[in-house]
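First comes the structure, then the notes that go with it.
A note on names: the letters A, B, ... follow the listed sequences, proteins ahead of strands, and every chain is numbered from 1.
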Amino acid sequence: MRFSKMFIPTLREVPADADAVSHRLMLRAGYVRQLASGLYIFLPLGWRALNRINAILKKEMESIGAQEISMPILHPAEIWQQTGRWDSIGDEMFRLKDRTGRAMCLGMTHEETMTWLASREIRSYRDLPQIWYQIQTKLRDEARPKSGVLRTREFLMKDSYSFDADEESLEKSYQLHAKAYHKIFQRCGLKFYQVESDPGMMGGVVAHEFMAPSPAGEDEVALCDKCGYAANVELAKSVPSKIKSEDRGFEEVHTPDKRTAQEGDTCHKCGAKLRIEKCIEIGNIFKLGTKYSVPLKAFFLDENGSEKPIIMGSYGIGPARIAAAAIEQNNDKDGIIWPKSLAPFDVEILPLNMNDAKTVETAEKLYKGLKEKGIEVLMDDRNERAGIKFKDADLIGIPAHIILGEKNLKEGLVEIKDRRTKEAVKVKMEEVVERVSVTAPLSS
RNA sequence: CGGGGCGUAGCGCAGCCUGGUAGCGCGCCUGCUUUGGGAGCAGGAUGCCGGAGGUUCGAAUCCUCUCGCCCCGACCA
């Protein structure tokens, strides 16, 4: 795409309201704009990055046999009343009435609708197992939206739901998801941990969260570097350090079976010191059992003809959180440094002087050549000064820059620069396309 | 929902304490010059000072109410 024709409103100055690094950079680099508290508009660059994440999600979900469907986001109250969550969830649920006065709500998640579907369509053990997923909007009236795109009131979520005949089969579905999640986050270039977590309102027995370490995160994870134990501090098993508890004095009320792990505590498994790290929750997986299938009457007949509730699991990933976490983990003073798999474009061409015929001609040739190789190219064809192009390119964070300067061109050379290392190599014009197509990922 | 902060030009801010009819930087528009790290000169446009009510001869400034946004906490499929 041509920069001159694309809507990329970069900001020189830091918007006052943005605090988290990812939030600041997404605003400055022209990826998002805020409509209201907790409501974000994704601009062309932001939407491209999100779609790259979604493509990875789809591919990895399909590879474990999950089937994509699409659920409404407007739900009738009845199904939520049947599972009891209509009453157990408070102000966080957006509620409304339709014109006839029927109570409705906006979907915070889709266990109810998915289970409703299963209850109508799945009758026999022969229909199982199933995994259904969608990438769908969720709405939650958050008490406090914060940190840009990290905690919003409306957001996209990849949510999948497994339907199995028994516990062993559920375990398989659960492990398939865990493995797929590892692949997904690896492909997204994230540093992350899988940790034990509190099922919370979901009401299952087993749950894990996928956590991307970042100071902007809202969660804390207790990690043992020695034996690999990792859990959300909310339920991490740990041995409190004596010295520490004495320091805290008598104000501290000890509740031994339910305490939050703290820095300095020791691992209950191996006795080594636990480390606490702030993290962004980028995904979670839950074993739900029959919590939803029983109230919504999602039953099937087993081999012996006896009626049993479907055993369920549910699994979520927040694409916008992946994007934000990737930025949190990959940036420098000049801007974003996208992992190659998530960048809105593979390479950016910077023709420094658009008034120089040779520069323009070469840029056009490279632009065409790269596109023919299936490489996503952004060409900064604006009639701007070199400095502005460099600054914007660094901000936007496309991993590779091809720099066309007059002097180099006279010798038939162009520069290929790595956004992360800032190292540039001079390459013969004719070799550029070949060279870049080796390093840049073809969009897959 | 508790605590704190902030709403003045597209963005960042000053002005408010001590009322007198709105300013700076960047951006934007025009022209010329410039073109390897956010250019120079010359001209130009832009404000319901978040909203409502009040005090006053006079309100961005003082008072009351209200709306919005951010941060801390509580909360959080």
Round to the nearest Å and state the distance from [X] atom [atom1] to [N] atom [atom2].
X       : N      : atom1 : atom2 : answer
R153(A) : C75(B) : CZ    : C1'   : 15 Å
R382(A) : U34(B) : CZ    : P     : 22 Å
D219(A) : G73(B) : CG    : C1'   : 16 Å
L11(A)  : G25(B) : CG    : P     : 20 Å
D334(A) : G37(B) : CG    : C1'   : 9 Å
L395(A) : G38(B) : CG    : P     : 14 Å
E384(A) : A39(B) : CD    : P     : 9 Å

Any base atoms under 4.0 Å from [X], or only sugar-phosphate, or nothing? Heavy atoms, all strands.
X       : result
T359(A) : nothing
E281(A) : nothing
D159(A) : nothing
M354(A) : nothing
G316(A) : nothing

Original post:
Under 6.0 Å between the ring centres of F163(A) and W132(A)?
Top reply: yes
Subject >> Aromatic contact, F286(A) with H177(A) (centres under 6.0 Å) >> reply: no
Would you indicate which nucleotide in [options] comes nearest to any side-chain atom of [X]?
X       : options                : value
R151(A) : G37(B), A74(B), G12(B) : A74(B)
I388(A) : G36(B), C76(B), A39(B) : A39(B)
E92(A)  : C69(B), C76(B), G37(B) : C76(B)
L352(A) : G38(B), C75(B), G36(B) : G36(B)
F390(A) : G37(B), C71(B), G38(B) : G37(B)

Let's test this: given Watson-Crick or G-U wobble pairing with both distances under 3.5 Å, identify the partner of [N].
N      : value
C32(B) : G40(B)
U21(B) : none
U46(B) : none

Subject >> Candidates R52(A), R48(A), K371(A) - the one meeting salt bridge (charged side-chain N to carboxylate O under 4.0 Å, His left out) with E376(A) >> reply: R48(A)
**OP:** Would you kindly compare N284(A) and L404(A) by the position of their nearest RNA chain B nucleotide and give the one closer to the 5′ end?
**Re:** L404(A)
Subject >> Nearest-nucleotide 5' precedence on RNA chain B, I403(A) against P145(A) >> reply: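 It is I403(A), whose closest nucleotide lies nearer the 5' terminus.
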For [N], does the base pair up with any side-chain atom of [X] as donor and acceptor (N or O, under 3.5 Å, distance only)?
X       : N      : value
K417(A) : G37(B) : yes
E13(A)  : G25(B) : yes
N408(A) : G36(B) : yes

In terms of heavy-atom contacts, does [atom1] of [X] have more than 12 from other residues, nucleotides or ligands at under 6.0 Å?
X       : atom1 : value
K179(A) : NZ    : no
R120(A) : CZ    : no
D166(A) : CG    : yes

Original post:
What residues form a ring pair (Phe, Tyr, Trp, His ring centres under 6.0 Å) with W116(A), not counting sequence neighbours?
Top reply: none
Check whether any side-chain N or O of [X] sits under 4.0 Å from OP1 or OP2 of [N], and answer yes or no.
X       : N      : result
R144(A) : C1(B)  : no
R12(A)  : G27(B) : yes
R385(A) : A39(B) : yes
K146(A) : C72(B) : yes

**OP:** Kindly indicate, with the supporting measurements, whether the criterion ring-ring contact (aromatic ring centres under 6.0 Å, His included) is fulfilled by H182(A) and F210(A).
**Re:** CA-CA 9 Å; H182(A) 274 87; F210(A) 290 80; 5.5 Å; yes
Original post:
Near RNA chain B, under 4.0 Å by heavy atom, which residues of residues 28-41 of chain A?
Top reply: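 Residues of residues 28-41 of chain A under 4.0 Å from RNA chain B: R28(A), Q34(A), A36(A), S37(A).
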Original post:
What residues, two or more places apart in sequence or in another chain, satisfy side chain to side chain contact (heavy atoms under 4.5 Å, CB included) together with A363(A)?
Top reply: I349(A), P351(A), M379(A), L404(A)
